[in-house]
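Take a look at the structure below.
Every number for a ligand or one of its atoms is a count from 1 in the order of the listing. Throughout, residue positions are numbered sequentially from 1 according to the sequence presented. Predicted, not measured: the structure shown is a model, and the values here were computed from it.
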Amino acid sequence: MSQGSGGHGGSPADAGASSPAAGSAVPASSDPRNDGPRPVTGASFHEMWRELLPIGRHPASGGYRRHAWTGADAECREWFRAQARSRGLTYEVDRNGNQWAWLGDPGAGDAVVTGSHLDSVPDGGAFDGPLGVVSSFAALDELRGRGARFTRPLGIVNFGDEEGARFGLACAGSRLTAGQLTAEQAHRLTDSEGISLPQAMEAAGYDPEAIGADPERLARIGAFVELHVEQGRALDLSGDRVGVASAIWPHGRWRFDFRGEANHAGTTRLVDRRDPMLPYAETVLAARREAELAGAVATFGKISVEPNGVNAIPSLVRGWLDSRGPDQDSLDTVVGGIEKAAREYADAHGIDLDVVRESFTPVIEFDHALRDELARVLETANGRPEVPVLGTGAGHDAGILSGSVPTAMLFVRNPTGVSHSPAEFAAEDDCVAGVGALAAVLEGLACR
Ligand code: GLV
Ligand code: MN
Ligand code: MN
């Protein structure tokens, strides 16, 4: 195994990148260093990918708006149900709206589960989430096609609301299941229209009274493996199609409420203003500075302004900070530094400031035995001894589950390094190599 760098490399977005469904044939591997596990036809992958591609895609931006419990999300869920049914798998929706497709008896225990999510960030890419779900069904097809005999139940899962784009909390479906989000807390999560998460689930046809921890369901699982598009360029730089995850950086979301006084933009003298936009803007710059100093990342990517009029000084500027660091100390340092700076700027402008931590996920070390097993399988399948083992700053349902079950992740090369954007990309033959890698891993775990 080789230890790679975290998923924070960046390259200019390749706006011209086309989806892997664009061509129908799978090109032969062009990179002799990286021949993925074979044989994989890729046919089932392509068919599924093509079906999913139009769902929730915004015609102007080309990005995906598959937000939890919306119409686009319902279409994705219907697609998942149809995939399960067409393969004769046992289909279930759990109390938190997560979808499951089972080969074998789901209640037998010690199951091997794979999957990811189908929802997206606002104007997200096609791969973050769906690549893992589609690859899971394709890997199952591959194994069945070559007559694999399963000795453990195999589950495929689509976790609900992984991105938290609508209700602000990432991995809501897996957090509820793992008991890391209580039903009471879920009732307090609202979207921009004031609709709560349980209300949205009810509107989508689910029972809002049922939501909550589901330890029995988790107890069925002996191992969980999530395949995901890489959200950086480590694999591109190392020349590998597929890598294994080592850890997820600690990360969280903080809401900064700067409260001032609404007033007329034309008639209020500058000295008389209590304008919350000013300390907010200074805080954004401080976040960049503090992150650089701490070797971490910090982003204000979402803002809401009241009353939000061009000719009105705002009364409230609410900004959401997303911050992540390689360890807890650096994360504490960067967030502490940003909050201290924000309070100083707010005071200087006569502005009230509240800072609320809305979510937090501590550092996740994936199960070492399972991680090493994945690396061993890939090394054997690839016929080369080095499989990159990568840390990442991105959150995943696998990270949430890792507190309850042995969990591991596979990453598939993304040459743009871009994610949470329409420029996110993985090449056709890399996706197919990912399916082959996942099939090899599942065979090793579930068919011995
Ligand atoms: C989810 O993709 C996250 O890292 O926020
Ligand atoms: Mn994501
Ligand atoms: Mn994801």
Quiz item: Counting heavy atoms only, which of His396, His251, Glu163, Arg324 is nearest atom 4 (O) of ligand 1?
Solution: Arg324

Quiz prompt | Residues forming a side-chain hydrogen bond (donor to acceptor under 3.5 Å, both in side chains) with Asp322, sequence neighbours excluded | solution = Arg324

Quiz item: Which ligand 1 atoms are under 4.0 Å away from a heavy-atom of Ala394?
Solution: 4 (O)

Practice problem: Using a cut-off of 2.8 Å, find all protein N, O or S atoms closer to the Mn ion (ligand 3) than that distance. | Solution: His117 NE2, Asp128 OD1, His228 NE2

Self-check item: Audit row: Thr177, Asn98, side-chain hydrogen bond (donor to acceptor under 3.5 Å, both in side chains) steps and yes/no
Solution: CA-CA 9 Å; Thr177 299; Asn98 305 307; 3.0 Å; yes

Quiz item: Would Glu339 and Arg343 pass as an ion pair if we require N to O under 4.0 Å?
Solution: yes

Self-check item: side-chain hydrogen bond (donor to acceptor under 3.5 Å, both in side chains) involving Asp207 - partner list, sequence neighbours excluded
Solution: none

Practice problem: Answer yes or no: does an N/O atom from His420 fall short of 3.5 Å to an N/O atom of ligand 1? | Solution: yes

Quiz item: In terms of atom number and element, which parts of ligand 1 are under 4.0 angstrom from non-hydrogen atoms of Gly395?
Solution: 1 (C), 2 (O), 3 (C), 4 (O)

Quiz item: Is the ring centre of Tyr206 less than 6.0 Å from the ring centre of Trp69?
Solution: yes

Quiz item: What residues form a salt bridge (charged side-chain N to carboxylate O under 4.0 Å, His left out) with Glu358, not counting sequence neighbours?
Solution: Arg255

Self-check item: Phe258 ring center near Tyr345 ring center (under 6.0 Å)
Solution: no

Self-check item: Pair Arg376 + Glu379: basic N to acidic O under 4.0 Å
Solution: no

